[in-house]
Q: 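The structure that follows is given in the form of structure tokens.
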Amino acid sequence: MTTKTDIGLIAHLMRRAGFGASREELERRAEIGYETTVEEFLHPETQPPFDDDLLFRYIPYFRMGTGMPSHQGYWMYRMINTQRPLEEKLTLFWHQVFATGYPKLNRNPQMNKQLNLFRRFAFGNFRTILIELSRDPAMIFWLDNNENRKGVPNENYGRELLELFSMGVGMDDHFNYTEDDVKDCARAFTGWTIAPQLPRYPYGDYLWDFEYRADEHDDSEKSFLGERGRFNGEDIIDIIVRQPATARFLCRHLYNFFVSDEPQVPSWQTTPPNDPSAIETMVQAYFDSNYEIRPVLRVLFNSEFFKTSQYTKVKSPAELIASVMRLVDDYTSPKPNMHNIADACGYMGQDLFNPPTVEGWHTGKEWIDSGALVERINFAADRVGNLDNPGVRRICERLASSGGPYTPEQLVDSCAELAGPVYIQDSSREGLIAHMARGGAIKCATATELSDFNLRVTGLLQMIVSLREYQFS
Amino acid sequence: MATLTNSDPTYIYSQTIGNQSTPPAHGFSAPVNVAIGTQGELFVICNYYEYQKNTKFVVKCSMDEDYIHHFGSYGTGPGELTWPNSLAVDNKGNIYLSDEWLNRITIFDNNGVFLDYWGEEGSEIGMLNRPAGLAFDNDGNLLIADSFNHRIQKFTCDGKFLNSWGQHGAEPGEFNTPWGISIDSEGNTWVADWRNDRVQQFASDGSFLKQIGRTGTNTGEFNRPSGVAVDNEGYLYVVDWGNDRVQVFDPKGTFVTQFFGDCPGFSKWAIARMASDPEEMAAQRVQSRTLELERLFYQPTGIQVDSENRILIVDCGRHRIQIYQKASVSPDNISSHLGPQRPTQNPTELWGKL
């Protein structure tokens, strides 16, 4: 029999490794078990690929549109509807780490191609991921590696590869690399560029392809992290993935994204991890598997430090929106104006494909300011307060199926359970109970009672998603 | 002009209409279907952005790429379009437009003036759920691919229900989200059975006659066929949406040839567009390693054949219509014989003529 504890733990996994789930899915997954669900998530190929035929039939611009809302809407739709939750969540993770921005590219199909790269390699070897990233035309253009040529190097990509994508500036109060390492890293990636492509007009966008130009590559000897040789880009990445700093940096990113909010990345040189032993456990899995991501995630999701981290992370805007939509069962099939949902993500501070800097978005408490909080509350309250949404109707019907009546305590606890479960502090719970008590007896036996009951349930759901507690995952 | 196929019959790439543009500029934005009017004029539906009101519209133009006007805009009100799918023209020249979100058929006169709409959302007989392909039969009745009800329904032109056939499934005579529909010269109905990766033929009373295709990428196989048309000799043209091609079958259903797209460069409107920023656009074209991609279909959707056996293929992802001419001569008698996918003109050279 499924226990409340099982549901709570599964819900935690679904929030962190995915984008939340309906009560019905939580109960189904609680039956098959936590570890089985983790393994399913780690092997997305066991689940159906995303079926976007219908979407492209009704909304052709999701595939080939050139405007940013096109692809923001498409991606948000995927987050809501994927049957491979961790694959999509990891795609968001890599977008956060390897932050690439549309405004400079102005080519959205290219951004979509980058996301497909992340989906394809998300669980694989970190060496492969970095090589593919270095060959990705969107990244090359974003960080000017198409300007990085023999004799006239552009260090932008080489610098960020070390600083933001793999090692980090430093750790334990020391630097992980020198300025000379940056320069020779950049020289190793000379000639890694983009093949010329047709212009957008008159017939629409064409995807860029990677091109290696030997005549633009600096083949001379380089010195990098204490090793010498006529390094090309692959050689540099071979050295990078062996570094303890790389393992620590990557695992700290994974911990920050999936487990608990860490300080912001720029402080990692001088600020130790919140849970050094958790990071060390993940680092060990990284080296034991020769730099594979999947084994690190297996350790993470099956660990006590993950299981006991419930409600310790502030939801990112994308997580909040996708989880609300999955709860209320809206946009779970193609429907017009998906871009409005994606726009809301931007209003809350996470404009997908448009990170504030190459460092990506600051996370944790920095997701919240007065404007963003109002957006978050209004978005969630509007959806859970709408009885036209199938997920909201199901909650009301489920509660009414008992025949009632409910005490205020029972209704508050039941709604909090079905809306998440959502952890509610005692003081908040008392406030909600007092509010519900003011409305008189809570009955749902007759049609008239049911109408009032539904209004009170949706009103209560709106208050629950407006609580401070609902902002935490 | 040169032949493109060594099949019998032979097909010749003829011309391209359109380029990526939104009103009032002359062009298309994700065109999804085309209909031929009573005077030979073309009506082209565009179904592009939902966040710009002016990118859902119908263009009226000529086969010679003369832009006449456009009408319609995004919305849910009478005469507005949300998910426009297909067009058909009645014998008075009025235009019937299906909308898969609004679940209705909207009627415009030949000048694009909104006249009326009909259709009720639902699954009961005579109701509609995601109406897609449209075609008038020889009696002037309108056949609709009622896609989410997985059936074909026949109505009078003012919306009175007459007949229906089909149900959800993969057996002969069943459908899975059908899209394009066409009537052949014998009055039989061809349906692009989209999610079953096949086309089916029915007699005028709806009885099943035959099917062609299965899932795949080889000849005679389909990946979500979206459009279907038949010429006056019974040759069948199927838009193979997911495989970015059009396949041709003879009246017995035997594969004849396939088109991948042959646009050699610029349409008339494209030339005007390029002239607006010649330095930038020309420079990029000159640098481009290849122009091959430009000629190919990308997400083709609708198709029509006119009375002169010109085959109009709606090349949605490239915002244009590519037109082929069915030739009456044997390929041996045509001196310039090019294989499929080879360019007939170099777009860069064409640019030099501006």
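In what follows, every chain begins at residue 1, and chains take the letters A, B, ... in the order their sequences are listed.
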Q: Is it the backbone or the side chain of B:Q287 that comes under 4.5 Å from a heavy atom of chain A, or both, or neither?
A: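 Interface part for B:Q287: both.
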
Q: Can you confirm whether A:P202 sits close enough to B:W269 that some side-chain heavy atom of one is under 4.5 Å from a side-chain heavy atom of the other?
A: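 The answer is no, as the side chains (C-beta and beyond) never meet within the 4.5 Å cut-off.
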
Q: Are the side chain of B:Y49 and the backbone N or O of A:G67 linked by a donor-acceptor pair below 3.5 Å?
A: yes

Q: Is there a side-chain contact between B:T301 and A:R57, using heavy atoms and a 4.5 Å cut-off?
A: no

Q: Could you tell me which portion of B:N85 (side chain, backbone, both or neither) has an atom closer than 4.5 angstrom to a non-hydrogen atom of chain A?
A: side chain

Q: Would you call B:R318 and A:D205 a salt bridge, taking side-chain N to carboxylate O under 4.0 Å as the test?
A: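 No, no charged N to carboxylate O under 4.0 Å.
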
Q: Examine whether an atom of A:F56 lies under 4.5 Å from a heavy atom of chain B, and if so say whether it belongs to the side chain, the backbone or both; otherwise answer neither.
A: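 For A:F56, heavy atoms of backbone and side chain both lie under 4.5 Å from chain B.
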
Q: Just wondering, do A:Y201 and B:S21 contact through their side chains at under 4.5 Å, heavy atoms?
A: no

Q: Would the distance check show the side chain of B:N47 and the main-chain N or O of A:Y58 forming a donor-acceptor pair, the cut-off being under 3.5 Å?
A: yes

Q: With a cut-off of 6.0 Å (strictly less than), are more than 12 heavy atoms of other residues, nucleotides or ligands near OH of A:Y347?
A: no

Q: Shortest non-hydrogen contact from A:P196 to B:S288?
A: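 That would be CB-CA, 3.9 Å.
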
Q: Looking at every non-hydrogen atom in both residues, tell me the closest pair between B:Y74 and A:N337 and how far apart they are.
A: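 Smallest interatomic distance, heavy atoms only, reads OH-OD1, 2.8 Å.
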
Q: I'd like to check B:W101 versus A:I59 (side-chain heavy atoms, cut-off strictly below 4.5 Å). Are they in contact?
A: no

Q: Is the count of non-hydrogen atoms from other residues, nucleotides or ligands lying under 6.0 Å from A:K150 atom NZ greater than 12?
A: no

Q: Is any side-chain heavy atom of B:L293 closer than 4.5 Å to a side-chain heavy atom of A:L207?
A: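 Heavy-atom side-chain distance check fails, nothing below 4.5 Å.
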
Q: Quick one: does A:Y203's side chain have a donor or acceptor within less than 3.5 Å of a partner on B:G265's backbone?
A: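 Yes, A:Y203 side chain to B:G265 backbone: donor-acceptor pair under 3.5 Å.
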
Q: Looking at B:R130, B:R195, B:R320, B:E50, which one has more heavy-atom pairs under 4.5 Å with chain A than the rest?
A: B:E50

Q: Tell me which of these, A:P336, A:A195, A:P60, A:G204, has more heavy-atom pairs under 4.5 Å with chain B than the rest.
A: A:P336

Q: Nearest 0.5 Å, please: how far is CD in A:Q197 from CG in B:L291?
A: 9.0 Å

Q: Go through it in stages, so that I can follow the logic: the residues are A:D53 and B:T177, the test is side chain to side chain contact (heavy atoms under 4.5 Å, CB included), and I'd like the CA-CA distance, side-chain angles, deciding distance and then a yes or no.
A: CA-CA 11 Å; A:D53 282 356; B:T177 328; over 6 Å; no

Q: Would a line drawn from the ring center of B:Y298 to the ring center of A:Y206 be shorter than 6.0 Å?
A: no

Q: Below 4.5 Å, heavy atoms only, C-beta onward: do B:Y48 and A:M64 meet side chain to side chain?
A: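 They are in contact (side-chain heavy atoms under 4.5 Å apart), so the answer is yes.
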
Q: If you count every heavy atom of other residues, nucleotides or ligands that lies below 6.0 Å from A:R213 atom CZ, does the total exceed 12?
A: yes

